[in-house]
S.K.: 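I'd like to ask you about the structure that follows.
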Amino acid sequence: MAENNQPNIPEVFLSPYNPEAHEDTLYAMWNDSGYFNPDNCVKDGIADPEAEPFSIVLPPPNVTGTLHMGHAAMLAIEDILVRYHRMKGHRTLWLPGTDSAAIATQSKVEKIIQKEEKKSRHDLGREELLRRVDAFAEESKETIIGQTEKMGSSLDWSRYAFTLDEQRYHAVMTAFVNMFNDGLIYRGDRIVNWDPKGQTTISDDEIVYEERQAKLYTFKYSQDFPIAVATTRPETKVGDTAVAVHPDDERYKKYIGQTFDFTFCDVPVSVQIVADSEVDPEFGTGAVGVTPAHSKTDWDIADRAGITRRPQIINEYAKMTVEGRLNNLKTTVAREEVVKWLEEEGLLKSVEDIKQNVSTAERTGGIIEPLPKLQWWINVNKKFTQKHSEIPGIESGSDVTLKELMIAAVENDGVSILPERFERVYYNWITNLNDWCISRQIWYGHRIPAWYKGDEMKVQIESPGDDWEQESDTLDTWFSSGLWTFSTLGWPEQTDDLKTYHPTTVLETGYDILFFWVARMILMSGYHLGQVPFKNVYLHGLVRDSQNRKMSKSLGNTLDPLDMIAKYGADATRLSLIVGAAPGNDMPLSEDKVRAYKKFANKLWNISRFVLTSIADADWEQELQLSERDEEILKELRMKIAEVSEDIEKFSLYLAAEKAYHYVWHDLADKVLEESKPILNGADTAVRFARQYVLKECLVASLKMLHPFMPFVTETVWQHAPEAIKDQKLLMVAKWPN
RNA sequence: GAGCGAUUAGCUCAGCUGGUAGAGCGCUACAUUGACAUUGUAGAGGUCACAGGUUCAAGUCCUGUAUCGCUCACCA
């Protein structure tokens, strides 16, 4: 038996598998091989020059921080797909990058500076702040890249992209100018979502609603005013220009068209009674005080009523800009002041406690103050001519809107979203979509390429001359992110990469950024290239703890991927994030689960040791005579490989991983290996050799099958296995079995 | 207010196009120092949320109810 061959077994197998001892070396080895880059795979014959391309562009992590479990899950899923397709011989590209995340990064750096130096960005000035943010981003970038490598991600670092690097800058500017020239980008004076804390506008999607207790005040503007109105924000009433009632409301019909002038809390106010069918006669008093400058709804009512006077009475710092007792008060203080005045005047009729949804800014938590502002917008409802289209349902040369284009892409199966139910969520969002506000009053990001001289304005990439001043606003970070699938491939240049790898095969990301990002990529790619940017969208869920709670610092239930890697290895961390995690479902994760997969890595290690020991003396040239049982084992192996392959192709990674796991542990180890022991010890050399052959086949195929899921332990075994049983020096580029 | 999803073993979840229930972890008992104690074998444990319906047959399809969760909208 094998004892006389023990010396042939590398010493490494004599102790349990120790991930720490191998992972960094292996990653360096893979990276140095150059095979993360598909060009090298083609050059060395691993992929055919004509082979089908498979491409994923990595959702670029923000340069604000460090890797969390969500990132780890994303990297695991994408790396599995990529390694599988690379082994299948496809021209496989996984392109890495990082995102400047304008608002998030700038506000983080501002916070640090405020804390450490007690200075605001205005104390530093634009240039100095940008220098600081750049330095922070650079440092953070290094951290993120290092952590990404720890997970075993087989990313092509030679194509690394950063949203603010020169190539991407060029793409963003080109995109802006083209859309402006097509009339899809315009500058407009409208109500925006102003974040007084972040001192910038934000888009509708960056608002989060928080339920809070509020008071609903019912009052009359003056003793002579015939109608009482209700509001939660009495301080805004100094900016009212109308009171809207339902046109059929018998109580108020007679007043429609009348105008009332009075002084409200020291401020002269003129209010016209108007009819608007949007008003609900059942709510409050059935009459709405209309403050056009500080409410989107009211702005629209004023529009419909033809009221043009829209006094702004709150500034960017959420302070009152009127004269009198409210002058320069913060809105919250002014509110109390107005209520006090209403009581003094005997105008307050009732105060009621109600629950109210307050709009807050996602990034800063600041309470949104709607203000009228001159901003840059993307018009989603304007027709333009789509010169070239590969989008199903959209003819080249036809006139479409961005909305139509976004719907067509999904409706006609230009892209399939997984799980499917998110397609409905996507339609729902588009139906409610309004023009997208893309300008931000922050400094870190892509500065809008508009130039001003007096009343003149030009939109172009280069400055028209020294006497022209550039727009100070920057672009919403999702504008540049929307271009990501093709800006990373060299657009606007018609590069080989762009031709080969776009549209990309898969976009894999969290369902929480379906609107922010996925929808905007479809918009941008549709408009600029006439292509749907990806054939498949795989949406993963949120990583939760074992009790299905959100991981949060305050709950103290967070798991740090780097800790898990240090304790249990990257392979175990990856598997724990894959098994039981169907797309679109949240993923429960506990340390026990990670530990369980570390056991599996060790199990595989021991299986390998046993098989390698048992086949060490085999001469593969001799004649092979398989028994019926041998054939059966091989057949089961092939069936399992077929199942696992099919599941990966269908993106059912959670099933593929579990099946491969189950096969290796409970079929191969528990059954095949156990029943082989007497045969290997037996005297019949032909029977013994046949079984050696079978075990070799099972081991090689199992290592390959598990490699996408657990790249490190499988590659470690491979590196210590005899050359005679390998088809490639690196398991990473060995041929996928079938 | 609208839409969507979930409800299956103590816990976390599979169960795809319908044929009388599965995995992992946990639990119990036993075994095991020649691949592996990061092990093996065996076992207990479920009226598949509830009520109807379609069907020869329903966790699996349809309708309704309840509870939980998510997303979107937001009315002063």
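Note that this is a predicted model, so its numbers are computed, not measured. Each chain gets a letter, A, B and so on, in the order the sequences are listed, and its residues count up from 1. These numbers come from the heavy atoms of this one structure, side chains and all, not from hydrogens, waters or symmetry mates.
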S.K.: Ile77(A) versus Tyr538(A): any side-chain heavy-atom pair under 4.5 Å?
M.R.: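 Yes. Closest side-chain heavy atoms under 4.5 Å.
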S.K.: For rA58(B) and rC25(B), measure between their C1' atoms and round to the nearest Å.
M.R.: 30 Å
S.K.: Could you measure between the two C1' atoms, the one in rC61(B) and the one in rC16(B), and give it in whole Å?
M.R.: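 These two C1' atoms come out 14 Å apart once rounded.
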S.K.: Can Asp300(A) and Arg304(A) be counted as an ion pair, charged N to O under 4.0 angstrom?
M.R.: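 No.
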S.K.: Looking at the base of rC36(B), is there any donor atom on it, or on the side chain of Lys603(A), that sits under 3.5 Å from an acceptor on the other one?
M.R.: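 Indeed there is one.
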S.K.: Using a cutoff of under 3.5 Å, can you pull out all pairs of nitrogen or oxygen atoms linking the protein to nucleotides 22-24 of chain B, with atom names and distances?
M.R.:
from    : atom 1 : to        : atom 2 : distance (Å)
rA23(B) : O2'    : Glu658(A) : OE2    : 3.2

S.K.: Between Asp670(A) (CG) and rA35(B) (P), how many Å, whole number?
M.R.: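 Going from Asp670(A) (CG) to rA35(B) (P), I get 14 Å.
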S.K.: Run the salt-bridge test on Asp617(A) and Arg688(A) with the 4.0 Å N-O cut-off and return the result as yes or no.
M.R.: yes
S.K.: Answer yes or no: is there an ion pair linking Glu675(A) with Arg691(A), defined by an N-O contact shorter than 4.0 Å?
M.R.: yes
S.K.: Taking the P atom in each of rA14(B) and rA6(B), what is the distance between them to the nearest angstrom?
M.R.: 9 Å
S.K.: Of the options Phe219(A), Phe262(A), Tyr255(A), which is the one that meets Phe225(A) in a ring-ring contact (aromatic ring centres under 6.0 Å, His included)?
M.R.: Phe262(A)
S.K.: Using the P atom in both, what is the distance from rC48(B) to rU39(B), to the nearest Å?
M.R.: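 My reading of the P atoms in rC48(B) and rU39(B) gives 34 Å.
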S.K.: Answer with yes or no whether the side chains of Gln719(A) and Thr716(A) bring together a donor and an acceptor at under 3.5 Å.
M.R.: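 Absent: no donor and acceptor within the cut-off.
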S.K.: Using a cut-off of 4.0 Å on non-hydrogen atoms, how would the nucleic acid contact of Leu514(A) be classed: base, sugar-phosphate, or nothing?
M.R.: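 Counting heavy atoms under 4.0 Å across all strands, no contact is made by Leu514(A).
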S.K.: Asn585(A) near the nucleic acid: base, sugar-phosphate alone, or nothing, with a heavy-atom cut-off under 4.0 Å?
M.R.: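 Here Asn585(A) touches the backbone only, sparing every base.
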S.K.: Can you tell me the base-pairing partner of rC25(B)? Count Watson-Crick or G-U wobble geometry only, both distances below 3.5 Å, and say none if there is no partner.
M.R.: rG10(B)
S.K.: Rounding to the closest angstrom, what is the interatomic distance between rG18(B) and rA57(B) at atom C1'?
M.R.: 8 Å
S.K.: Of the nucleotides rU41(B), rU39(B), rA35(B), which one has an atom closest to the side chain of Lys599(A)?
M.R.: rU39(B)
S.K.: Between Asn606(A) and Arg421(A), who's closer to the 5' end of RNA chain B by nearest nucleotide?
M.R.: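 By nearest-heavy-atom nucleotide position, the 5'-most residue is Arg421(A).
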S.K.: Please step through ring pair (Phe, Tyr, Trp, His ring centres under 6.0 Å) for the pair Tyr221(A) and Phe260(A), ending with a clear verdict.
M.R.: CA-CA 10 Å; Tyr221(A) 289 100; Phe260(A) 296 84; 9.5 Å; no
S.K.: Describe the nucleic acid contact of Ala669(A) in one word from base, sugar-phosphate, nothing, applying a heavy-atom distance below 4.0 Å.
M.R.: base
S.K.: Rounded to whole Å, please give me the gap between CG in Asp586(A) and P in rC68(B).
M.R.: 18 Å
S.K.: Kindly assign one of parallel, tilted or perpendicular to the pair Trp605(A) and His22(A), based on the angle between their ring planes and the thresholds 30° and 60°.
M.R.: tilted
S.K.: I'd like the C1' distance from rC72(B) over to rU17(B), given in whole Å.
M.R.: 32 Å
S.K.: May I have the distance from Trp665(A) (atom CH2) to rU38(B) (atom C1'), rounded to whole angstrom?
M.R.: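 It works out to 7 Å between those atoms.
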S.K.: If the glycosidic angle is within 90 degrees of 0 it's syn, otherwise anti, so just tell me which one rG69(B) is.
M.R.: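 Anti.
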S.K.: For rA29(B) versus rC36(B), give the span between their P atoms, rounded off to a whole number of Å.
M.R.: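 So the two P atoms sit 26 Å from each other.
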S.K.: Is the shortest side-chain N/O distance from Lys677(A) to OP1 or OP2 of rA35(B) below 4.0 Å?
M.R.: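 True: Lys677(A) side-chain N/O within range (under 4.0 Å) of rA35(B) OP1/OP2.
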S.K.: Taking atom P in both rU8(B) and rU47(B), compute the distance separating them and give it to the nearest angstrom.
M.R.: 12 Å
S.K.: For Tyr568(A) and Glu591(A), which I'm curious about, is there any donor-acceptor pair between the side chains at under 3.5 Å?
M.R.: yes
S.K.: Apply the ring-ring contact (aromatic ring centres under 6.0 Å, His included) test between Trp478(A) and each candidate in Phe515(A), Phe516(A), Trp436(A); give the one that qualifies.
M.R.: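 Option passing the ring-ring contact (aromatic ring centres under 6.0 Å, His included) with Trp478(A): Phe516(A).
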S.K.: Output a table of nitrogen or oxygen pairs between the protein and nucleotides 69-76 of chain B separated by less than 3.5 Å.
M.R.:
from    : atom 1 : to        : atom 2 : distance (Å)
rC74(B) : OP2    : Tyr209(A) : OH     : 2.8
rC74(B) : N3     : Asn357(A) : ND2    : 2.7
rC74(B) : N4     : Asn357(A) : ND2    : 2.9
rC75(B) : OP1    : Thr297(A) : OG1    : 3.1
rA76(B) : OP1    : Gln356(A) : NE2    : 3.3
rA76(B) : O3'    : Thr231(A) : OG1    : 2.9
rA76(B) : O3'    : Thr232(A) : N      : 3.1
rA76(B) : O2'    : Ala230(A) : O      : 3.0
rA76(B) : N6     : Asp280(A) : O      : 2.7
rA76(B) : N6     : Phe283(A) : O      : 3.1
rA76(B) : N1     : Asp280(A) : N      : 3.4

